[in-house]
Undergrad: 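Here it is: the structure, laid out below.
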Amino acid sequence: MSCVKHMVLGGLFEANGYHSSAWLLPGAQDTAPTDIDYFRRILHIAEAGLLDFFFLADTPAARTENLEAWTRGPLYMNMLEPITLLSAIAGSTSHIGLGATASTSFYEPYNVARLFASLDHISHGRAAWNVVTSANDFAARNFGLDKLPPHDRRYARAREFFQVVRGLWDTWEDDAFIYDKANARMFEPSKFHVLDHEGEFFRVKGGLNMARPPQGRPVIFQAGASETGKAFAAETAEVVFGTGTTTQEAVAFYRDLKGRMPAFGRHPDELKILSGVSIVVGDNEQHAREKWAYWQENVHIDIGLLYLKTDLETDLSDLPLDEPVPAHRVPASSNHHQVYFEEIVGLIKEGLTLREVCRRYNRSKAIFFGDAVAIADQMQAWVEAGASDGFMIAFPVLPDSLTEFTTQVVPELQRRGLFRTAYEGTTLRDNLGLKRPANRHAAARS
């Protein structure tokens with residue numbers, strides 16, 4: 001009997017959904033972004049569908065310019081702090097992973113180590129940290145800078161930041177807390193290890209005031225697609241959000257990133273690469289595309305132009321909407337999201353009009369349309385082609401897109417033996433098939 005590998009399925013969640021018009025649609029809950037009970041309901045649907053994890057992206061800033069445009073598609077303009085939210089809703093579920101973004105550019109390593117260790121304890125081993133360097137100047141200005149540091153400098157800081165956090169998570173050996181009441185000894189002092197780090201960006205001498213996380217350390221997520229980002233991911237990441245809007249692009253990314261891992265002494269199986277995708281379920285492909293077209297019609301052109309300005313770092317709003325974008329208006333590079341920049345440049349090079357670029361731009365996520373069988377066919381084809389180990393699904397409209405996926409597509413994937421019918425364990429590492437890392441100090445002694 002052949003062994004079929006189960007695909008990994010995670011969800012990327014924004015209050016009303018990730019489509020820019022989701023908040024405008026009939027039935028969208030106005031107060032969803034700050035309603036903890038709403039998020040509990042969404043989380044329950046996701047866990048009932050056996051998804052591997054529930055993930056919240058974040059930026060430590062509100063947009064402070066172009067507010068007339070941002071009000072039409074208010075991305076990150078009204079949201080709860082994600083680690084606080086995940087900690088608050090963790091107790092209402094028991095198996096699904098809980099992931100969030102925290103920036104290495106604007107946190108301190110000790111804060112991140114303590115926050116995510118706490119979430120791992122609160123959730124009994126289901127926490128994941130998405131390691132990012134931040135990619136907008138709104139955040140920079142919140143922390144006393146005029147603009148983000150250069151891309152490579154942000155990654156140099158991120159690498160050292162991660163080393164410090166990982167060291168802090170190994171402050172205590174797994175069996176350090178002995179609770180010996182007879183001898184009044186709560187912990188074994190020899191199994192506490194002070195981190196003494198002095199590097200280019202950080203000087204830390206101390207330890208985490210918390211037992212080692214249940215998973216050893218939370219699962220490490222990353223999404224870098226630049227050369228520097230891929231090198232960092234190959235060295236440290238356990239789940240990467242892959243790029244590519246076609247199978248061929250995704251296969252190239254997959255092979256490139258996994259091929260870099262042996263240089264860091266890592267086996268490719270230690271990393272799961274998940275292709276970013278939006279899924280639109282309909283009665284058939286035409287019906288699904290009609291749903292997407294309706295959502296697209298509700299996106300104001302101002303917000304489409306603003307997304308281009310943000311990710312291209314160039315304002316094109318003075319150009320005619322129904323003419324191609326002149327080549328001389330396209331910058332040579334970006335200091336923000338590299339993969340988003342490259343997607344926009346690619347659309348412009350196709351000769352599309354500015355209006356078409358706005359409507360086609362999807363932040364490097366493929367879109368699968370169809371009924372449950374057709375969607376499952378597309379997902380299976382990507383995984384079997386070596387394009388991914390699964391999918392990071394940005395659900396366009398909540399709760400509808402999530403409910404349709406979990407009640408229609410998931411059963412079809414299960415019927416084919418491509419997805420679990422029950423969670424394999426209680427921790428995120430159990431369910432992803434990732435090893436629990438040993439404490440470095442205990443490993444060195446043994």
Side-chain angles (χ1 to χ4, degrees), residues 60 83 86-87 99-134 143 149 153-180 185-222 224 228 231-239 264-266 270-271 427-429 434-446:
I83 306 170
L86 292 176
S87 297
T101 292
S103 171
T104 60
S105 296
F106 304 116
Y107 277 85
E108 288 293 322
Y110 192 91
N111 301 130
V112 164
R114 193 181 190 196
L115 285 166
F116 280 95
S118 295
L119 178 59
D120 208 47
H121 280 287
I122 290 167
S123 65
H124 303 294
R126 294 184 282 139
W129 170 31
N130 182 34
V131 185
V132 302
T133 66
S134 289
F143 294 87
R153 290 296 293 165
R154 299 203 308 274
Y155 269 97
R157 175 186 165 97
R159 188 173 185 276
E160 186 180 338
F161 189 112
F162 177 76
Q163 291 171 345
V164 174
V165 171
R166 187 171 57 183
L168 288 168
W169 283 334
D170 276 345
T171 296
W172 301 91
E173 295 183 35
D174 289 317
D175 56 353
F177 286 87
I178 54 177
Y179 301 102
D180 182 354
R185 298 176 82 245
M186 177 182 277
F187 60 85
E188 173 53 60
S190 67
K191 296 187 177 184
F192 174 87
H193 303 277
V194 173
L195 178 67
D196 191 0
H197 173 92
E198 187 163 353
E200 181 180 1
F201 298 94
F202 303 104
R203 182 182 180 190
V204 179
K205 187 169 185 178
L208 196 63
N209 56 340
M210 186 188 311
R212 193 163 188 250
Q215 295 186 103
R217 61 172 178 261
V219 176
I220 302 302
F221 289 5
Q222 285 181 38
T228 307
F232 185 44
E235 180 181 6
T236 62
E238 295 171 296
V239 173
F264 298 100
R266 302 184 67 202
E270 296 176 48
L271 171 65
T427 74
L428 180 55
R429 289 186 178 278
L434 296 172
K435 292 181 180 179
R436 185 181 188 276
N439 180 287
R440 69 180 70 183
H441 306 289
R445 185 170 59 250
S446 65

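Here the structure is a predicted model, which means the values were calculated and not measured. Along the sequence shown, the residues carry numbers beginning at 1.
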Undergrad: So, does Y110 use its side chain to make a donor-acceptor pair with the main chain of V165 at under 3.5 Å?
TA: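 Side chain of Y110 to backbone of V165, a donor-acceptor pair under 3.5 Å: no, none is there.
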
Undergrad: Side-chain contact test, heavy atoms from C-beta onward, threshold under 4.5 Å: evaluate it for F187 versus P189 and give yes or no.
TA: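 Side-chain contact under 4.5 Å: yes.
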
Undergrad: Salt bridge check, R159 against E200: does any charged N sit closer than 4.0 Å to a carboxylate O?
TA: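 R159 and E200: not salt-bridged.
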
Undergrad: How close do A102 and F116 get, counting heavy atoms only, and between which atoms?
TA: CB-CE1, 3.7 Å

Undergrad: Can you see which heavy atom on A100 is nearest to which on L86, and at what distance?
TA: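 Minimum heavy-atom separation between A100 and L86: CB-CD1, 3.7 Å.
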
Undergrad: Quick one: does any side-chain atom of H121 pair with a main-chain N or O of A211 as donor and acceptor, under 3.5 Å?
TA: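 Indeed, once roles are kept as given, a pair shorter than 3.5 Å links the two residues.
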
Undergrad: What are the two closest non-hydrogen atoms of L195 and V164, and how far apart are they?
TA: CD2-O, 3.6 Å

Undergrad: Tell me if a side-chain donor or acceptor on T427 pairs with a main-chain N or O of R126 at a distance below 3.5 Å.
TA: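 Not at all, since once roles are kept as given, no pair shorter than 3.5 Å links the two residues.
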
Undergrad: Does one side chain, of N439 or E173, offer a donor that lies under 3.5 Å from an acceptor on the other?
TA: no

Undergrad: If we ignore hydrogens and angles and just use 3.5 Å, is the side chain of R154 paired with the main-chain N or O of V132 as donor and acceptor?
TA: no

Undergrad: Ignoring hydrogens and angles, tell me if any N or O in the side chain of W172 forms a donor-acceptor pair with the backbone of L208 under 3.5 Å.
TA: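 Answer holds: yes.
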
Undergrad: Can you check whether P60 reaches Y107 side chain to side chain, under 4.5 Å on heavy atoms?
TA: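 A side-chain contact under 4.5 Å is absent here.
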
Undergrad: Please determine, by modelled atom types, if S105 and S134 share a side-chain donor-acceptor pair under 3.5 angstrom.
TA: no

Undergrad: Return the minimal non-hydrogen interatomic distance between R429 and E238, and the atom names on each side.
TA: NH1-OE2, 2.6 Å

Undergrad: Is a side-chain N or O of R266 found less than 3.5 angstrom from the main chain of A234, in a donor-acceptor match?
TA: yes

Undergrad: Give the intermediate values and the outcome of side-chain contact (heavy atoms from CB on, under 4.5 Å) for residues V131 and T104.
TA: CA-CA 7 Å; V131 185; T104 60; 3.7 Å; yes

Undergrad: What residue among N130, T236, T133 forms side-chain hydrogen bond (donor to acceptor under 3.5 Å, both in side chains) with Q222?
TA: T236

Undergrad: Counting only N and O atoms by type, is there a donor-acceptor contact under 3.5 Å from the side chain of R212 to the main-chain atoms of D174?
TA: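 Looks like no, no N/O pair under 3.5 Å.
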
Undergrad: Go through the steps to decide whether D170 and H193 satisfy the test side-chain contact (heavy atoms from CB on, under 4.5 Å), and finish with yes or no.
TA: CA-CA 8 Å; D170 276 345; H193 303 277; over 6 Å; no

Undergrad: Evaluate whether atom CZ of R203 has more than 12 neighbouring non-hydrogen atoms of other residues, nucleotides or ligands under 6.0 angstrom away.
TA: no

Undergrad: Quick check against the 3.5 Å criterion: does D120 have a side-chain atom that pairs as donor or acceptor with the backbone of Q215?
TA: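 Flag set: sc D120 to bb Q215 pair under 3.5 Å.
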
